[in-house]
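Below is one structure, written out as structure tokens; comments come after it.
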There are 2 protein chains.
Amino acid sequence: MQKEIDLGVFSKECRRHNLRVTPQRTAIFRELAKAKSHPSADEMFQAVRKEFPNISYDTVNRTLLTFSRIGLINLVEGHTTPRRFDPDLSSHHHFHCQQCGRIIDFCNSDFDDLKIPSSLLREFDVTSSRVVLRGICKACSRKRIG
Amino acid sequence: MQKEIDLGVFSKECRRHNLRVTPQRTAIFRELAKAKSHPSADEMFQAVRKEFPNISYDTVNRTLLTFSRIGLINLVEGHTTPRRFDPDLSSHHHFHCQQCGRIIDFCNSDFDDLKIPSSLLREFDVTSSRVVLRGICKACSRKRIG
DNA sequence: CTTTTTGCAAAGCGTTTGCATTGAA
DNA sequence: TTCAATGCAAACGCTTTGCAAAAAG
């Protein structure tokens with residue numbers, strides 16, 4: 001089940017975004033293909049380091065941010081710091097702006113009533129569900145054009 | 001549109017969880033009712049401080065964590081630190097365990113095909129959607145019983 | 001040769017900890 | 001009177017910054 005590593009796609013994407021193909025970036029890209037579900041920058045650093053002992057944490061962290069910026073990987077939403085608290089306990093959904101980071105609430109009754117498959121209910125004790133959309137908010141897309 | 005403040009519910013919930021009703025907690029609870037969408041601990045600190053000048057950041061932060069633990073408020077998922085990266089670009093969904101913090105991937109084709117209302121598409125430039133479930137994972141619920 | 005990228009070290013930001021003091025029940 | 005909650009200050013974890021040296025194109 002090992003993901004196939006396509007270095008051609010990698011260097012093409014780099015060129016498309018005017019990024020240089022360095023040994024460090026290549027090593028990080030290779031390691032991502034082997035990565036377990038949702039690695040942190042530090043986990044990636046520890047892994048890449050084995051193949052590339054002189055690489056710095058910094059380069060790994062910056063490269064991961066670069067890769068997520070150009071869409072080679074994604075950032076995963078989580079309940080981490082700086083924490084945001086939500087006093088609104090009623091059912092609602094979230095739009096995350098990839099540009100400004102804002103999280104905007106919206107309501108949608110279809111999304112409130114999602115049927116959670118029984119296979120999932122057997123595996124998890126589910127207490128809530130939410131639809132999370134990502135993209136660019138109105139304010140940011142105006143800035144891009146203007 | 002000001003949310004109604006029910007201090008009765010508040011003190012009942014505190015008693016139910018063996019938490020003492022202190023002036024600090026009451027002030028924070030009051031302020032939460034006025035809060036704009038997703039305040040951070042520091043934003044809450046700045047707000048509560050105006051009514052309660054001697055309160056410490058610490059108390060505000062700890063109290064917010066306590067409130068979210070007993071379900072008086074929620075934590076909001078976001079793309080914050082420590083960051084987690086996802087090399088899997090194919091459509092999938094997430095289960096967040098509230099106990100251990102793990103994020104578990106699952107696939108579900110119904111969730112892949114959610115119809116995003118055109119009212120939302122007019123407001124946002126949506127690039128991806130995901131269902132995020134919260135609850136307790138199998139491993140953690142075994143620990144609770146055993 | 002030019003411009004990006006790298007590695008390092010220091011700074012930064014928000015959170016957490018340990019502990020003595022205070023105060024709710 | 002007891003035990004939880006508070007406030008403070010220091011420690012901590014992870015990220016970011018500034019910059020000189022190295023390397024890609």
Side-chain angles (χ1 to χ4, degrees), chain A residues 7-8 10-29 31 38-49 51-70 72-73 75-85 101 103, chain B residues 7 10-31 38-70 72-73 75-85 101:
Chain A
L7 289 174
F10 169 65
S11 56
K12 209 169 82 180
E13 280 303 294
C14 283
R15 250 175 280 125
R16 202 158 74 81
H17 292 276
N18 297 310
L19 296 177
R20 294 185 178 172
V21 178
T22 64
Q24 287 91 336
R25 283 178 176 159
T26 308
I28 294 164
F29 183 78
E31 206 60 44
H38 310 116
S40 64
D42 191 65
E43 283 165 0
M44 285 303 300
F45 173 52
Q46 301 304 340
V48 176
R49 191 180 214 183
E51 312 292 325
F52 206 122
N54 292 325
I55 202 167
S56 71
Y57 168 84
D58 229 38
T59 298
V60 175
N61 186 47
R62 263 180 292 129
T63 301
L64 291 170
L65 287 173
T66 304
F67 284 179
S68 66
R69 186 168 52 75
I70 68 172
L72 229 39
I73 58 176
L75 279 167
V76 172
E77 82 294 333
H79 297 87
T80 45
T81 67
R83 275 187 276 262
R84 295 275 161 182
F85 299 92
I103 296 173
Chain B
L7 289 174
F10 170 64
S11 55
K12 209 170 79 178
E13 280 303 294
C14 283
R15 251 175 277 124
R16 201 158 75 81
H17 292 275
N18 296 311
L19 297 176
R20 295 183 177 169
V21 178
T22 65
Q24 287 91 338
R25 284 180 176 158
T26 307
I28 294 164
F29 183 78
R30 277 178 189 286
E31 207 58 44
H38 310 116
S40 64
D42 191 65
E43 282 165 1
M44 285 303 301
F45 173 52
Q46 301 305 340
V48 175
R49 191 181 215 181
K50 282 174 191 157
E51 311 292 324
F52 206 123
N54 291 323
I55 202 166
S56 70
Y57 168 84
D58 229 37
T59 298
V60 175
N61 186 46
R62 265 180 291 126
T63 300
L64 291 170
L65 288 173
T66 304
F67 284 179
S68 66
R69 187 169 50 77
I70 69 171
L72 230 40
I73 58 176
L75 279 167
V76 173
E77 82 294 331
H79 296 88
T80 45
T81 68
R83 277 187 274 260
R84 295 276 162 180
F85 298 92

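Letters A, B, ... are given to chains in the order of the sequence lines, protein chains preceding strands, and every chain is numbered from 1. What you are looking at is a predicted structure, and each value in this text was computed from that prediction instead of being measured. Excluded from the calculations below are hydrogen atoms, water molecules and symmetry mates; all remaining heavy atoms, backbone and side chain alike, are included.
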May I ask you to say what B:L65 touches in the nucleic acid, namely base, sugar-phosphate or nothing, with a heavy-atom cut-off under 4.0 Å? sugar-phosphate

Nearest 0.5 Å please: distance from the CZ atom of A:R25 over to the OG1 atom of A:T59. 9.0 Å

B:N18 CG to D:dA4 P, in whole Å, measures 9 Å

Name all residues meeting the side-chain contact (heavy atoms from CB on, under 4.5 Å) criterion together with B:T66; count only those two or more places apart in sequence or in a different chain, and write none if there are none. B:L19, B:R69

For A:F45 and D:dT16, what is the distance between atoms CZ and P respectively, to the nearest whole Å? 16 Å

Could you state the NE2-P distance from A:H79 to C:dG14, rounded to the nearest angstrom? 20 Å

Give me each pair satisfying salt bridge (charged side-chain N to carboxylate O under 4.0 Å, His left out) with a member in residues 56-66 of chain A, each pair once, sequence neighbours excluded. A:D58-A:R62

Can you list the residues that meet the salt bridge (charged side-chain N to carboxylate O under 4.0 Å, His left out) rule with A:E13, with sequence neighbours excluded? A:R16

Those residues that, when tested against B:F85, pass ring pair (Phe, Tyr, Trp, His ring centres under 6.0 Å) (two or more places apart): none

Classify B:D42 by what it touches in the nucleic acid, base, sugar-phosphate, or nothing, heavy-atom distance under 4.0 Å. nothing

What is the distance from CD of B:Q46 to C1' of C:dG14, rounded to the nearest Å? 13 Å

Below 3.5 Å is the cut-off: list the nitrogen or oxygen pairs between protein and nucleotides 21-25 of chain D, distance only.
residue, atom, partner, partner atom, Å
D:dA24, N3, A:R20, NH1, 2.8
D:dG25, OP1, A:V21, N, 3.0

B:R62 has its side chain closest, among D:dG7, C:dT6, C:dG14, to D:dG7

Contacts of B:F45 that satisfy ring pair (Phe, Tyr, Trp, His ring centres under 6.0 Å) - sequence neighbours left out: B:Y57

With respect to the phosphate group of C:dT22, does any side-chain polar atom (N or O) of B:Q24 fall under 4.0 Å of OP1 or OP2? no

note: A:D58, atom CG; D:dA20, atom P; distance rounded to Å ~ 16 Å

Measure CD1/B:I55 against P/D:dT6 and give the value in whole Å, please. 7 Å

Examine D:dT6: is either OP1 or OP2 under 4.0 Å from a nitrogen or oxygen in the side chain of B:T59? Give yes or no. no

Quick note, B:R25 side chain, CB onward, closest among C:dG7, D:dG7, D:dA5 is D:dA5

Salt-bridge criterion met for A:R49 and A:E31 (N-O under 4.0 Å): no

